[in-house]
There are 2 protein chains.
Amino acid sequence: MRLDRLDERLLALLVDDARRSYAELGTHVGLTASAVKRRVDRLRGGGAITGFTVLLNPHALGWTVEGYVELYCRSSTPPETIKAAIDGLAEVVEASTISGEADAMLRILAADMRHFERVLEQIGGQPFVARTKSVLVLSPLLRRAAGTAPP
Amino acid sequence: MRLDRLDERLLALLVDDARRSYAELGTHVGLTASAVKRRVDRLRGGGAITGFTVLLNPHALGWTVEGYVELYCRSSTPPETIKAAIDGLAEVVEASTISGEADAMLRILAADMRHFERVLEQIGGQPFVARTKSVLVLSPLLRRAAGTAPP
DNA sequence: GCTGAAAAGGCTGACGA
DNA sequence: TCGTCAGCCTTTTCAGC
């Protein structure tokens with residue numbers, strides 16, 4: 001899908017605040033509300049925008065512990081198996097298969113350290129998991145919702 | 001900030017789709033639109049909801065390479081120094097100081113492999129960075145916008 | 001805290017340039 | 001592809017309970 005400058009500016013404005021009205025977006029980029037709506041509809045239809053969400057503050061919700069977990073799997077576990085195992089765990093907020101020694105990287109949010117440990121045990125208990133290696137987040141420095149358009 | 005069941009259900013509904021109308025949210029939880037609005041306003045004021053955004057599809061925008069980068073810093077670099085260095089890099093979408101051998105973990109999105117390499121060089125060129133260690137994402141399995149309320 | 005109503009403003013689709 | 005415009009729906013506020 002091809003984007004022009006206006007589309008990129010609209011995306012940046014929406015990443016910053018998705019509740020801006022079409023009219024407000026229009027004044028920023030020099031279009032009318034309907035022209036903006038047409039472009040946003042096109043960005044959604046084309047798959048560039050996959051959804052609208054709220055950003056939550058984990059700390060305000062009582063999630064005080066965060067960590068990254070590397071997964072080492074037995075033999076060559078297919079990605080689908082890993083996904084199926086973690087899909088039910090609400091504490092896992094990010095997961096990818098990766099290159100290197102480990103097979104997958106997870107990011108986990110937990111209410112406290114005991115909760116974090118319990119989640120680790122649930123993951124480590126899976127039959128395809130050989131071992132895990134985790135680090136705790138000390139200070140979250142940056143959490144961007146999404147990338148903007150490429151330079 | 002204290003949340004009751006209704007607040008948690010509203011948050012889950014908004015994480016799933018932040019463009020639902022107050023009336024629609026109300027039918028899901030059994031409240032009128034104005035009651036829902038007051039609760040959402042309270043969740044925003046209390047800091048539980050920190051903002052509204054769009055979710056972008058990196059691939060549809062031409063960002064085809066993703067990776068995790070561990071940062072090893074000289075002596076004890078303060079978190080502020082790290083944050084200041086990466087704040088200007090749009091390619092860094094996530095950053096935290098962490099426990100363990102490395103000092104920080106970054107997640108990076110790039111248009112292609114050359115772009116990823118260039119970003120690594122920019123980061124490695126910082127005076128406080130001793131070395132970096134990176135792994136590439138093979139398949140993104142899960143990317144949740146945020147955690148829901150604690151169990 | 002909630003409901004319900006009323007005014008203001010945003011969304012949406014059709015139409016012509 | 002854009003702008004205009006009309007009809008409808010949502011948001012927002014404020015009594016009243």
Side-chain angles (χ1 to χ4, degrees), chain A residues 1-63 145-151, chain B residues 1-63 145-151:
Chain A
M1 141 158 241
R2 285 197 62 80
L3 307 182
D4 63 16
R5 289 284 173 77
L6 257 43
D7 291 322
E8 289 175 13
R9 289 171 62 193
L10 288 174
L11 286 180
L13 288 164
L14 285 172
V15 166
D16 180 58
D17 179 6
R19 293 221 306 186
R20 283 191 234 256
S21 68
Y22 292 131
E24 187 193 336
L25 294 169
T27 63
H28 279 90
V29 302
L31 290 177
T32 60
S34 1
V36 171
K37 180 185 187 296
R38 273 192 292 267
R39 279 173 178 264
V40 173
D41 284 348
R42 179 175 154 272
L43 290 168
R44 301 223 301 156
I49 295 175
T50 58
F52 291 73
T53 20
V54 289
L55 293 174
L56 301 184
N57 177 354
H59 206 274
L61 297 174
W63 298 77
T148 47
Chain B
M1 135 159 247
R2 284 197 61 80
L3 307 182
D4 63 15
R5 287 287 171 78
L6 258 42
D7 291 322
E8 291 176 11
R9 288 171 64 192
L10 288 174
L11 286 180
L13 287 165
L14 285 172
V15 166
D16 179 58
D17 179 6
R19 294 219 306 186
R20 283 190 234 255
S21 70
Y22 292 130
E24 187 194 337
L25 293 170
T27 64
H28 278 90
V29 301
L31 290 178
T32 61
S34 4
V36 172
K37 179 184 188 299
R38 268 192 296 109
R39 279 175 179 263
V40 173
D41 285 347
R42 179 175 155 273
L43 290 169
R44 301 224 300 156
I49 295 176
T50 58
F52 291 73
T53 20
V54 289
L55 294 174
L56 301 184
N57 177 354
H59 206 273
L61 298 173
W63 298 79
T148 47

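By convention in this document, chain letters (A, B, ...) are assigned in the order of the sequence lines, proteins followed by strands, and residues within each chain are numbered from 1.
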Considering only side-chain heavy atoms of Ala35(A), which listed nucleotide, dT3(C), dG3(D), dC11(C), is closest? dG3(D)
Is there side-chain contact between Arg9(B) and Asp4(B), with heavy atoms separated by less than 4.5 Å? no
Grab the CG-P distance between Leu31(A) and dC11(C) for me, whole Å please. 15 Å
Rounding to an integer number of Å, can you tell me how far Glu24(A) CD sits from dG9(C) C1'? 13 Å
With side chains defined as the heavy atoms from C-beta onward, is the minimum distance between Val36(A) and Val40(A) less than 4.5 Å? yes
When the distance from CG of Asp41(B) to P of dT12(D) is rounded to whole Å, what number comes out? 7 Å
Starting from P on dT1(D), measure out to CG on Asp4(A) and report it in whole angstrom. 10 Å
Should Arg44(B) and Phe52(B) count as side-chain neighbours, where that means a heavy-atom distance under 4.5 Å? yes
Is there a donor on the side chain of Ser34(B) or the base of dG4(C) sitting less than 3.5 Å from an acceptor on the other? yes
Interatomic distance where CG belongs to Leu6(B) and C1' belongs to dT3(C) [whole Å]: 15 Å
Does a side-chain N or O from Lys37(B) land closer than 4.0 Å to OP1 or OP2 of dT13(D), or not? yes
OP1 or OP2 of dC2(C) less than 4.0 angstrom from a side-chain nitrogen or oxygen of Arg39(B), does that happen here? yes
Between dT11(D) (C1') and Leu25(B) (CG): distance, integer Å: 13 Å
dG3(D) base to Arg38(A) side chain: any donor-acceptor pair below 3.5 Å? yes
Inspect the contact between Asp7(B) and Arg2(B) and indicate whether a charged nitrogen and a carboxylate oxygen are less than 4.0 angstrom apart. no
For a quick test of reading the model: is some side-chain N or O of Tyr22(B) closer than 4.0 Å to OP1 or OP2 of dC9(D)? no
Arg19(A) CZ - dC11(C) C1' separation (whole Å): 15 Å
Determine, step by step, whether Leu31(A) and Leu6(A) satisfy the side-chain contact (heavy atoms from CB on, under 4.5 Å) criterion, reporting the C-alpha distance in whole Å, the side-chain angles of both residues, the deciding distance to 0.1 Å, and the verdict. CA-CA 9 Å; Leu31(A) 290 177; Leu6(A) 257 43; 3.9 Å; yes
When the distance from CG of Leu43(A) to C1' of dT1(D) is rounded to whole Å, what number comes out? 14 Å
